[in-house]
Amino acid sequence: MNRPSPIVRDYRATPVERGPLLRGGRVVARVVLVWALVTAALHLLDVWLTGFAMEGWWQPTVCALLLGLLTAVVWPLVLRIALPIALFTLGLGSFVLLAAAVLAIFWLVPGVELTNIRTAFVVVVVMTVVNAVATSLLAIDEDELFFRRAVRRSRRSAAPEQQTPGVLFLQIDGLGHDTARRAVRDGTMPTLARWLAEGSHGLQYWTTDWSSQTGASVSGILHGNNHDILGFRWYEKDRGHVMACAHPADAAEIERRHSDGRGLLAVDGASRGNLFTGDAPHYSLTMSTVTVLGGKRSARRRDHVGGGYWAYFANPVNGIRTFAGALVDAVREVVAAANQRRADVRPRTHRGGIYPLARPGTTVIARDVVVSALIEDMLDGRPVAYADFLGYDEVAHHSGIERFDALAVLRTIDQQIGRLHRAAQLAPRPYHIVCLSDHGQTQGQAFADRFGETIEQYVGRLCGAPAPRPRRRLFGRTPAERSARRAAEGWQVGAALAEASSGGGVVARRLRARVEKAGASPAKHRTESGKPGEVARAAPGVVVCASGHVAMVSFTEHEGRVELETIEREFPDLLPSLVDHPGIGFVLVRSREHGAVVLGRDGVHRLASGTVIGEDPLADYGVHAPDLIRRVDTFPHCSDIMINSRYDPATDDASPFEPHVGSHGGLGGPQSRGFLLAPTGLADPGEIVGAEHLHRVFRGWLTDLGHPEPTGDRPALQVTETEEEPAARMG
């Protein structure tokens, strides 16, 4: 992208982009219409609803007025005190409180009969629905009214004519560059398409680290450091512990290790819906902060509990909209899953159980709350905010990266970005909007579905684990669908897997030859290491962690990194079978003689010297693959064997080690190419390789715009003792 130097513009001279705004008498028209509709609804409830009655003609009119005053004036003040109820019930509890208030108010109106809180709850819900319908009929964006009032207040203030522009970083989780480009071209993302057509923004890709997943990417982007993050989960041999980025205590520990107080958001920034804070003093729905919310108050914690919820659920209409949107999304999921089964679309995964009810948590509820929090951030004039929209990533895991329902979720995210763009035009300072992803996704049939057993079972069998008892297939579910990141109940090895085990590849034959020449016998007896605690063993003394397209094998009875020569001696069939397996692209091991070595089916790549023997096992994984893998080999907790799934460039697919359709976490195909859409007025970043590099680009943009450099004096997050869990815990 060819970008001129950024210019700090006079925001107050910039015309406001107009949407469906109220103008002139339409404000009065809205109030009158809502009042009339609520009055009519009360008349109908008087006839229809048992336990609710009004004797006179004037009572519905007065009660409608009282309801309007309650929801517009009194209710936002009450919710500040009663926020935890709204927080932990996703807004539904606020309707119970509001019903209690309505019950008390209606008792004060002579001639009104309202028998109990259940009846009052029905009245509140009906009134809220009527309000929402009236708002839609007038095409009113109530947020926009709030924006305009905020702008009028700011214009009356003594704010300077020129202000440093703020930046919104909006992360669309899991959206690869190629998919983003096609979505813009095909009209799925009209907001981003319009920006590109107008020339205000430019689109490019950036190359992720080997661990192409949110934990490594977001830590690198926000903190400028993702050292020793091997996957979304990984085993730390020295602690006997499986780290999981999505576990609150582990997320807090990861941030403690990587934060130096100079994160991207350290200077009065906000983190919304992320894994980590980026040292932001304002945060909500951020995983690494969960363990500090219930313990001793942190010096960093300036926001109240549930920041972002209050602004959203202060208006009961928002609760109804979110609930209705969640219900619609759940129905869409059920219909989409049924259509896939009926059409026998493959690859596909199990989408039943509670998933249709859980999916709206990311696609609707979290999205709406995050957007509301960002609007508040802009109205407060915060200089920088970073938010993660998870909905597309969640649906693409289950549906596929470019299937109809995944693209439908992508369209709703684009609509919210457009809404934030309008809000930015009305905020007290100018804002640049940067859209990006933390990684992409590569599609393919799950490893367990394709080969009949999970990677944990396969490695365990090669390491001497007893064969599992065959069981009948239940309810038509596949092994991958029933594994759900833990060892599934076994299946007998199919013909394809048997062929892989026999091995005919060049590297497999050479590895076996080395074992035979050394006079090695079959794997020696290994003593049981006692109870495995909560960290599951694939075999005695063997832990396997799967993270998307990467699996990590650790031998717990050896301290430190186990070398290739030791693995060959103790498990002579393991490495030959791994490299010969059609679902495995390459493995990384440490050799006593050659250092870091990448083994493939028909070739070896010695990373220290760059020597390639036979076919390069990294040829299909990008020009940066050797450097990215070489870096991981230096990590203190690098596993004894690192396994990457096989990527087929002809079909652009790979088989993940988890039960997903679209997946990521390793090298191979679109998962390694995130997208970046940024204003053309910012400096051209050139080619970006790695999340830490992307952090430096973002920090440079903030500096160019006039943002101060962080001092690094912000205290680190502390994990409370009550939330700390034993070290030996399954992530």
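All values below were derived from every heavy atom in this structure, side-chain atoms included, with hydrogens, water molecules and symmetry-related copies excluded. This chain uses plain numbering: 1 for the first residue, then up along the sequence.
- Nearest heavy atom pair, residue Trp195 against residue Ile417, reads CH2-CG2, 3.6 Å.
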Quiz item: Yes or no on side-chain contact (heavy atoms from CB on, under 4.5 Å) for His664 and Phe232, after CA distance, side-chain angles and deciding distance?
Solution: CA-CA 10 Å; His664 51 88; Phe232 204 70; over 6 Å; no
Quiz prompt | From CA spacing to verdict: side-chain contact (heavy atoms from CB on, under 4.5 Å), Tyr355, Val334 | solution = CA-CA 9 Å; Tyr355 174 68; Val334 172; over 6 Å; no
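- Across all non-hydrogen atoms, the minimal contact from Ala387 to Asn274 is C-OD1, 3.8 Å.
- Under the 4.5 Å side-chain criterion, counting only non-hydrogen atoms from C-beta, Val62 is not in contact with Leu65.
- The minimum heavy-atom distance linking Leu66 with Val109 is given by the pair CD1-CG2, 3.7 Å.
- Side chain of Gln443 to main chain of Gly662: no donor-acceptor pair is present (N/O by atom type, distance under 3.5 Å, no hydrogens or angles).
- Here the closest heavy-atom approach between residue Ala183 and residue Leu410 is recorded as CB-CD2, 3.8 Å.
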Self-check item: Audit row: Asp388, Arg272, salt bridge (Lys or Arg N to Asp or Glu O under 4.0 Å) steps and yes/no
Solution: CA-CA 7 Å; Asp388 188 4; Arg272 306 300 182 189; over 6 Å; no
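- Side chains of Asp380 and His282: a donor-acceptor N/O pair is absent below 3.5 angstrom, by distance only.
- Cys63 places a side-chain heavy atom less than 4.5 Å from the side chain of Val112.
- Looking at heavy atoms from C-beta onward, Gln415 lies out of side-chain contact with Met189 at the 4.5 angstrom threshold.
- Closest approach of Gly187 to Arg411, counting heavy atoms only: O-NH2, 2.6 Å.
- Defined by atom type and a distance below 3.5 Å, a donor-acceptor pair is missing between the side-chain atoms of Ser663 and Gln441.
- Between the side chains of Thr179 and Glu402, a donor-acceptor pair is found at a separation under 3.5 Å.
- Of the possible polar contacts, none joining the Asp250 side chain to the Cys245 backbone as a donor-acceptor pair under 3.5 Å is found.
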Listing, residues 36-45 side-chain donor-acceptor contacts under 3.5 Å, not counting sequence neighbours, or none:
| residue | atom | partner | partner atom | Å |
| --- | --- | --- | --- | --- |
| Thr39 | OG1 | Trp35 | O | 2.8 |

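- Formation of a donor-acceptor pair under 3.5 Å by the Ser437 side chain with backbone atoms of Leu175 is found in this model.
- Within the 4.5 Å cutoff, the side chain of Gln340 has heavy atoms near those of the Arg403 side chain.
- Using bins of under 30°, 30° to 60° and over 60° for the plane-to-plane angle, the ring pair His398/His660 lands in the tilted bin.
- Panel note: side chain Asp173, backbone Leu390; no donor-acceptor pair is recorded below 3.5 Å.
- Of the possible donor and acceptor atoms, one in the side chain of Thr363 sits under 3.5 Å from a partner among the backbone N and O of Arg359.
- Without hydrogens or angle criteria, Asp414 side chain to Thr188 main chain gives no donor-acceptor distance under 3.5 Å.
- A salt bridge links Arg346 to Asp344: at least one charged side-chain nitrogen sits closer than 4.0 Å to a carboxylate oxygen.
- For Gln59 (side chain) and Pro110 (main-chain N/O), a donor-acceptor pair under 3.5 Å exists by modelled atom type.
- With Asp405 as the partner, the salt bridge (charged side-chain N to carboxylate O under 4.0 Å, His left out) test is satisfied by one option alone out of Arg348, Arg351, Arg332: Arg351.
- With contacts defined as side-chain heavy-atom distances shorter than 4.5 Å, the pair Val218/Gln171 qualifies.
- Side-chain atoms of Thr286 come within 3.5 Å of backbone atoms of Ser284 as a donor-acceptor pair (strictly under, hydrogens ignored).
- Thr277 and Leu222 get closest at one heavy-atom pair: C-CD1, 4.3 Å.
- The pair Glu658-Arg233 meets the salt-bridge criterion, since a charged nitrogen lies less than 4.0 angstrom from a carboxylate oxygen.
- With hydrogens and angles ignored, the 3.5 Å screen pairs a side-chain donor or acceptor of Ser271 with a backbone N or O of Phe276.
- The side-chain heavy atoms of Arg367 and Thr412, taken from C-beta on, include a pair separated by under 4.5 Å.
- Side-chain contact between Arg182 and Leu407: absent, with no pair of heavy atoms (C-beta onward) separated by less than 4.5 Å.
- Contact check for His432 versus Phe169: no side-chain heavy atoms found under the 4.5 Å cut-off.
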